[in-house]
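Down below is the structure, laid out as structure tokens.
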Amino acid sequence: MVNYIAQDYFGKIEELLVNAKEDILTNKPSNINILFQLLSALPISTNIEEQEVKKYAKGIFGNKKYTSFKERIISNAIKNQRLNISHTPENIENYNAFYFFDNETGEQIGYSNGIAVKDRTYDGSDFFNGCTVVDLPIENDWQAIADSIPPCNAMLIIDKYIFGNPFEEKLRSLKSFIEMYKANTQIKFHLSILFSQENNGTICTPTQIETAFNDLCSINNLELQLFSDNKIPTRDRLFFTNYCSGNIGHPHDRGLTRFNQLFLGREEKEEKIRRNYKNYTKDLDLWHSFIRRVPDRIGQIKTKWVSSDFTNRLFELTR
């Protein structure tokens, strides 16, 4: 995960800091301090001038007193070898990154691409507030999480039982869940689902799977992969998107369940953000490796369904 930030956007942050300097000094969990923790935790890609980098590099050792937010962030990135000089920080090249655009149209670009963007219109009042959800009761529909959906252009679901009975009810709920996260993303939305065809004697029929595949493929602008394995090494129902990981007790088959979602980039301390992403990429690597071992067929039994030959964007983080 990377923070792409236009050099001039540091000036915007300095403006916001006028009313939030005390938050940084006291580590108060305000939006601006949360932003500071994110920029401190993850690699920085920016179009800062090389001469300025050299100037900051000279002062990274010792008890340096920083004169600006920019100097502090860039110096920290240099010291921890997390700085990359980019000539085009406002061109989208990583669909799993955070972007800070020095214009007034960046957030609209973010909406259409399912990526996390803040632009010149950001006033410091919100930084993905509410996207972390803990033990929230969900009943019958997903409306309870409607205000907690982070940007998203790709999703991985691990659920042994997702196409079991009651089949129609589960499929209807799953489709609603996916459409809520996909929202109005204009680029192809990548969806991968790992499930089992047989669990404790209960069998998901080939007809049901084909029905589910075709129904999910009808979602506009979506690329789909289904992978079947009867030995998935967890009973948990898990999901991952570009900026979060989560689990759901009984996501698509019961009236009442519990919903949990961790937004990976919003924490009070940078160490927690790095830990979040370490665990997240470790999990994605595990599931990517597992999925790659799933064959097209086992004998006469089909185990893979794909709408096209694509690699889920989430797995780019494991390369």
Side-chain angles (χ1 to χ4, degrees), residues 1 3 23 26-42 96-98 110 114-116 118 124-162 170 173-174 176-183 191-194 232-287 314 317:
M1 187 62 70
N3 291 305
D23 297 343
T26 61
N27 205 33
K28 181 180 177 181
S30 68
N31 287 307
I32 302 304
N33 192 41
I34 294 296
L35 172 57
F36 171 76
Q37 301 302 328
L38 174 66
L39 291 173
S40 299
L42 301 179
N96 299 303
F98 290 89
I115 57 176
K118 294 298 179 184
S125 62
D126 173 80
F127 193 78
F128 305 106
N129 298 21
C131 289
T132 289
V133 181
V134 180
D135 202 30
L136 179 70
I138 299 287
E139 189 168 10
N140 297 325
D141 63 42
W142 300 105
Q143 193 56 41
I145 63 169
D147 295 328
S148 302
I149 306 298
C152 182
N153 60 67
M155 177 180 284
L156 168 66
I157 297 174
I158 312 295
D159 186 345
K160 283 185 175 184
Y161 318 97
I162 203 163
K170 282 190 170 187
S173 177
L174 172 62
S176 175
F177 180 77
I178 293 164
E179 290 175 332
M180 180 171 283
Y181 275 81
K182 178 183 176 294
L191 174 63
S192 304
I193 300 176
L194 176 62
I232 298 173
T234 181
R235 293 174 61 87
D236 294 336
R237 284 79 178 271
L238 311 174
F239 71 95
F240 302 85
T241 75
N242 310 82
Y243 301 98
C244 74
S245 62
N247 63 80
I248 315 170
H250 295 277
H252 309 291
D253 60 347
R254 297 187 186 179
L256 180 65
T257 190
R258 296 284 173 169
F259 179 88
N260 293 280
Q261 174 177 272
L262 173 65
F263 186 79
L264 304 165
R266 184 183 168 89
E267 294 283 2
E268 296 177 21
K269 295 183 178 180
E270 60 182 274
E271 292 83 3
K272 288 185 177 180
I273 296 174
R274 286 197 290 271
R275 181 193 63 196
N276 287 347
Y277 275 105
K278 180 180 180 181
N279 292 335
Y280 170 79
T281 53
K282 180 180 178 181
D283 287 342
L284 285 180
D285 184 58
L286 183 154
W287 293 117
L314 298 183
L317 294 165

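A quick note: this is a predicted structure, and the numbers were derived from the prediction, not measured.
Using a 4.5 Å heavy-atom threshold, the side chains of Asp283 and Tyr280 count as separate. Between Ser192 and Met155 there is no side-chain heavy-atom pair separated by less than 4.5 Å. Residues Pro151 and Ile115 are not in side-chain contact: their nearest non-hydrogen atoms beyond the backbone lie 4.5 Å or more apart. Side-chain contact between Leu191 and Tyr181: absent, with no pair of heavy atoms (C-beta onward) separated by less than 4.5 Å.
If you take CD1 on Ile162 and NZ on Lys170, they are separated by 8.0 Å, rounding to the nearest 0.5 Å. Taken from CH2 in Trp287 to CG in Leu156, the straight-line distance is 8.5 Å, to the nearest 0.5 Å. Atom CD1 of Ile149 and atom SG of Cys131 lie 8.0 Å apart (nearest 0.5 Å). Interatomic distance, Asn96 CG to Asn153 CG, rounded to the nearest 0.5 Å: 6.5 Å. Here the CD1 atom belonging to Ile157 is positioned 8.5 Å from the CZ atom belonging to Phe239, to the nearest 0.5 angstrom. The distance from atom CG of Leu42 to atom CD of Gln37, rounded to the nearest 0.5 Å, is 11.0 Å.
Minimum heavy-atom separation, Pro137 to Arg258: CD-NH1, 3.6 Å. Pairing each heavy atom of Asn31 with each of Ser125, the nearest pair is ND2-O, 3.0 Å. Looking at every heavy atom in both residues, Ser245 comes nearest to Leu264 through OG-CD2, 4.2 Å. In this structure, Trp142 and Ser176 approach most closely via the heavy-atom pair CD1-OG, 3.8 Å. Shown here for Asp236 and Thr234, the closest heavy-atom pair between the two residues is N-OG1, 3.1 Å. The two residues Met180 and Ala146 come nearest to each other via the heavy atoms SD-CA, 4.2 Å.
With sequence neighbours excluded, no residue satisfies salt bridge (Lys or Arg N to Asp or Glu O under 4.0 Å) with Asp147.
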### Message
Between Asn242 and Met1, is the side-chain contact (heavy atoms from CB on, under 4.5 Å) condition met? List the steps.
### Response
CA-CA 9 Å; Asn242 310 82; Met1 187 62 70; 5.9 Å; no
### Query
Passes ring pair (Phe, Tyr, Trp, His ring centres under 6.0 Å), Phe127 versus Phe263? Steps please.
CA-CA 11 Å; Phe127 193 78; Phe263 186 79; 7.4 Å; no
### Task
Assess whether side-chain contact (heavy atoms from CB on, under 4.5 Å) is satisfied between Glu179 and Lys182, documenting all intermediate values.
CA-CA 5 Å; Glu179 290 175 332; Lys182 178 183 176 294; 5.6 Å; no
### side-chain contact (heavy atoms from CB on, under 4.5 Å) between Asp159 and Leu174, intermediate numbers included
CA-CA 11 Å; Asp159 186 345; Leu174 172 62; over 6 Å; no
### Message
What verdict does the side chain to side chain donor-acceptor pair (under 3.5 Å) test give for Asn276 and Arg266, after you've listed the backbone C-alpha separation in whole Å, the side-chain angles of each residue and the deciding distance to 0.1 Å?
### Response
CA-CA 10 Å; Asn276 287 347; Arg266 184 183 168 89; over 6 Å; no
### Query
Please walk me through it: do Leu136 and Ile138 pass side-chain contact (heavy atoms from CB on, under 4.5 Å)?
CA-CA 6 Å; Leu136 179 70; Ile138 299 287; 4.0 Å; yes
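Using a 4.0 Å cut-off between charged nitrogen and carboxylate oxygen, Glu270 and Arg274 count as a salt-bridge pair.
The neighbour count for Gln143 CD, taken as heavy atoms of other residues, nucleotides or ligands under 6.0 Å away, does not exceed 12.
Geometrically, Lys118 engages Phe128 in a cation-pi contact, judged by NZ or CZ lying under 6.0 Å from the ring centre and within 45° of the ring axis.
Without hydrogens or angle criteria, Glu267 side chain to Arg275 main chain gives no donor-acceptor distance under 3.5 Å. Of the possible donor and acceptor atoms, none in the side chain of Tyr243 sits under 3.5 Å from a partner among the backbone N and O of Leu262.
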